[in-house]
Q: 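Quick one: the structure is below, and I'll ask about it shortly.
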Amino acid sequence: MRRIRPSAFIGAALVCLSTLAQAGEFTVSAAASLTNAFKEMAQGFEHQNPGSKVLLNFGASGALLQQIAKGAPVDVFASADEESMDQAEKQGLILTSGRRKFARNTLVVVTPADTASRVGALKDLNAPQIQKIAIGNPASVPVGRYTQRALEAAKLWTALQAKVVNTQNVRQSLDYVARGEVDAGFVYATDAAIMKDKVRVALSVPLQEAIHYPIAPIAGSTHAEEARRFVAYVLSPAGQQTLAKYGFLKP
């Protein structure tokens, strides 16, 4: 199994974040799968709130949680799973009263668009022609945890370990598939949608749990009002319309 440790990047990310925040600016740390939607969301928020500036920090939810726990100047946290937000809540890092679910997603398997290999079911990943499979590192990447649970339920997790290429976040898995560096990868449906010309959705993965995205203001934020307003904007009709545009489902 090839492993990439997101913790190696935590220190550098903390330094970068600490130099970004200026007066009138606040930072939103969001799951990598939210990149496109939140970039547009930030523009909409700034248009409605003149003088406010949203600084966006994207990564695996687990890595973002570690940054926040180590003191990164973050004001809002949006994760791709309840588990990461639960950990943030247990550590007293978020305002529990402001925690909200704002979107849902689905898990899919993608293959390079030009591949001749056909994957119609999870068991097909065990075929000899499928040699490398991109999976987010379950230790820090929510999509990796969802993937592990699905493969364990299908009794394939152990059998596929020799093929697994662990990635830092879901977008890295998507990039590996798009470039043909792996034969298949597990990503969210919203990620697959932004590269329709380079990846093909082979199948939707059944899960026993829904993929919910929670958001919350950070406790002790020095931009508490902006953080509260941004969370409200994400939940507003305008914010939900932006999320729907990028394929996210209602919470």
Q: For Arg100, check salt bridge (charged side-chain N to carboxylate O under 4.0 Å, His left out) against everything at least two apart and list the hits.
A: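 Scan of Arg100 (salt bridge (charged side-chain N to carboxylate O under 4.0 Å, His left out), adjacent residues dropped) gives none.
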Q: With a 3.5 Å cut-off and sequence neighbours excluded, list the donor-acceptor pairs that the side chains of residues 242-251 form with protein atoms.
A:
residue, atom, partner, partner atom, Å
Thr242, OG1, Ala238, O, 3.2
Lys245, NZ, Glu40, OE1, 3.0
Lys245, NZ, Glu40, OE2, 3.2
Tyr246, OH, Glu40, OE1, 2.7

Q: Gly144 and Pro138: which non-hydrogen atoms are nearest, and at how many Å?
A: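 Closest pair (atom of Gly144, atom of Pro138, distance): O-CG, 3.8 Å.
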Q: Which residues pass the side-chain hydrogen bond (donor to acceptor under 3.5 Å, both in side chains) test with Ser84, not counting sequence neighbours?
A: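 Scan of Ser84 (side-chain hydrogen bond (donor to acceptor under 3.5 Å, both in side chains), adjacent residues dropped) gives Asp81, Arg145.
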Q: Would you say that Tyr176 contacts Val165 through its side chain, given a criterion of any heavy-atom pair below 4.5 Å between the two side chains?
A: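 Heavy-atom side-chain distance check passes, below 4.5 Å.
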Q: In Å and rounded to the nearest 0.5 Å, what is the CD to CG distance from Gln148 to Asn137?
A: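 Between atom CD of Gln148 and atom CG of Asn137 there are 9.5 Å.
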Q: Restricting to salt bridge (charged side-chain N to carboxylate O under 4.0 Å, His left out), what partner residues turn up for Asp191, sequence neighbours left out?
A: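 Only Arg171 meet the salt bridge (charged side-chain N to carboxylate O under 4.0 Å, His left out) criterion with Asp191.
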Q: Looking only at non-hydrogen atoms, find the nearest pair between Ala60 and Asn169 and report the distance.
A: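 Nearest heavy atoms, Ala60 then Asn169: N-CB, 4.0 Å.
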Q: Measuring from atom NE2 of His223 to atom CG of Asp75, what distance do you get when rounded to the nearest 0.5 angstrom?
A: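 His223 NE2 to Asp75 CG: 6.0 Å, rounded to 0.5 Å.
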Q: Which residues pass the side chain to side chain contact (heavy atoms under 4.5 Å, CB included) test with Glu89, sequence neighbours left out?
A: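 With sequence neighbours excluded, Glu89 shows a side chain to side chain contact (heavy atoms under 4.5 Å, CB included) to Ile94, Thr96, Arg99, given in chain and number order.
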Q: Contact between Phe26 and Val54 at the side-chain level, heavy atoms closer than 4.5 Å - yes or no?
A: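 A side-chain contact under 4.5 Å exists here.
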Q: What is the ring orientation for Phe102 with Phe38, classed by angle as parallel under 30°, tilted 30 to 60°, or perpendicular over 60°?
A: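 Rings of Phe102 and Phe38: tilted, as their planes differ by 30° to 60°.
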Q: side-chain hydrogen bond (donor to acceptor under 3.5 Å, both in side chains) with Arg149: which residues, sequence neighbours excluded?
A: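 Scan of Arg149 (side-chain hydrogen bond (donor to acceptor under 3.5 Å, both in side chains), adjacent residues dropped) gives Glu83, Glu209.
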Q: Check whether any side-chain heavy atom of Ile133 lies under 4.5 Å from a side-chain heavy atom of Asp183, and answer yes or no.
A: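 They are not in contact (no side-chain heavy atoms under 4.5 Å apart), so the answer is no.
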Q: Could you give the distance from CD (Glu82) to OH (Tyr213), rounded to the nearest 0.5 Å?
A: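 Answer for the CD-OH pair, Glu82 versus Tyr213, is 12.0 Å.
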Q: List for me each residue that meets side chain to side chain contact (heavy atoms under 4.5 Å, CB included) alongside Ala69, sequence neighbours excluded, and say none if there are none.
A: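 Result, side chain to side chain contact (heavy atoms under 4.5 Å, CB included) vs Ala69: Gln91, Leu93.
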Q: Sequence neighbours excluded, which residues qualify as side-chain hydrogen bond (donor to acceptor under 3.5 Å, both in side chains) partners of Asp124?
A: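 Checked Asp124 against side-chain hydrogen bond (donor to acceptor under 3.5 Å, both in side chains); zero matches.
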Q: Could you tell me if the side chain of Arg229 sits less than 4.5 Å from the side chain of Glu225, heavy atoms only?
A: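 Touching, per the 4.5 Å side-chain cut-off.
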Q: Restricting to non-hydrogen atoms, name the atom on Ala134 and the atom on Thr167 that form the minimum distance, rounded to 0.1 Å.
A: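 Distance-wise, the nearest heavy atoms are CB-CG2, 4.2 Å.
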Q: Flag the pair Ile194 / Leu174 as yes when at least one side-chain heavy-atom distance between them is below 4.5 Å, and no otherwise.
A: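 They are in side-chain contact.
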Q: Drop me the distance from Leu56's CG to Met41's CE, to the nearest 0.5 angstrom.
A: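 Interatomic distance, Leu56 CG to Met41 CE, rounded to 0.5 Å: 10.0 Å.
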Q: Do Lys132 and Lys163 come close enough that some side-chain heavy atom pair is under 4.5 Å?
A: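 A side-chain contact is absent here, since even the closest heavy-atom pair is not under 4.5 Å.
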Q: What's the spacing between Gln48 CD and Tyr233 OH if we round to 0.5 Å?
A: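 With rounding to 0.5 Å, CD (Gln48) is 5.0 Å from OH (Tyr233).
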Q: Distance from Glu25 atom CD to Glu46 atom CD, nearest 0.5 Å?
A: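 Taking CD in Glu25 and CD in Glu46, the distance rounds to 9.0 Å.
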Q: Where is the tightest heavy-atom contact between Ala80 and Tyr146, given as atom of each residue plus distance?
A: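 Shortest heavy-atom separation between Ala80 and Tyr146 comes out as O-OH, 3.3 Å.
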Q: Does Gln172 reach the main-chain N or O of Gln168 with its side chain, forming a donor-acceptor pair under 3.5 Å?
A: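 A pair under 3.5 Å: yes.
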Q: If you compare all heavy atoms of Val205 against all heavy atoms of Phe186, which two are closest, and at what distance to 0.1 Å?
A: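 That would be CG2-CE2, 3.9 Å.
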Q: Apply salt bridge (charged side-chain N to carboxylate O under 4.0 Å, His left out) to Arg118 and list each qualifying residue two or more places apart in sequence or on a separate chain.
A: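 Result, salt bridge (charged side-chain N to carboxylate O under 4.0 Å, His left out) vs Arg118: none returned.
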Q: Under the rule for side chain to side chain contact (heavy atoms under 4.5 Å, CB included), what residues qualify as partners of Ser117, not counting sequence neighbours?
A: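 If we apply the side chain to side chain contact (heavy atoms under 4.5 Å, CB included) test to Ser117, skipping adjacent residues, the hits are Thr115, Gln129, Ile130.
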Q: Would you call Leu95 and Ile218 a side-chain contact if the rule is heavy atoms closer than 4.5 Å?
A: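 The answer is no, as the side chains (C-beta and beyond) never meet within the 4.5 Å cut-off.
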Q: Between Leu64 and Phe77, what is the shortest heavy-atom contact and its length?
A: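 Minimum heavy-atom contact is CB-CE1, 3.9 Å.
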Q: Show your reasoning for whether side-chain contact (heavy atoms from CB on, under 4.5 Å) applies to Ile135 and Leu151.
A: CA-CA 11 Å; Ile135 296 177; Leu151 291 176; 4.1 Å; yes
Q: Does Ser52 have any side-chain hydrogen bond (donor to acceptor under 3.5 Å, both in side chains) partners at least two apart in sequence or in another chain, and if so, which?
A: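 Here no residue qualifies.
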Q: Under the criterion side-chain hydrogen bond (donor to acceptor under 3.5 Å, both in side chains), I'd like the reasoning laid out for Gln67 against Asn57: C-alpha separation, chi angles, the key distance, then a yes or no.
A: CA-CA 11 Å; Gln67 293 173 12; Asn57 176 45; 2.9 Å; yes
Q: Should Thr27 and Val76 be marked as a side-chain contact (heavy atoms from CB on, under 4.5 Å) after you check the CA-CA gap, both sets of side-chain angles, and the distance that decides it?
A: CA-CA 7 Å; Thr27 300; Val76 177; over 6 Å; no
Q: My understanding is that only residues two or more places apart in sequence, or in another chain, count here; which of them pass side chain to side chain contact (heavy atoms under 4.5 Å, CB included) with Leu203?
A: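 Applying side chain to side chain contact (heavy atoms under 4.5 Å, CB included) to Leu203 gives Val109, Val119, Leu122.
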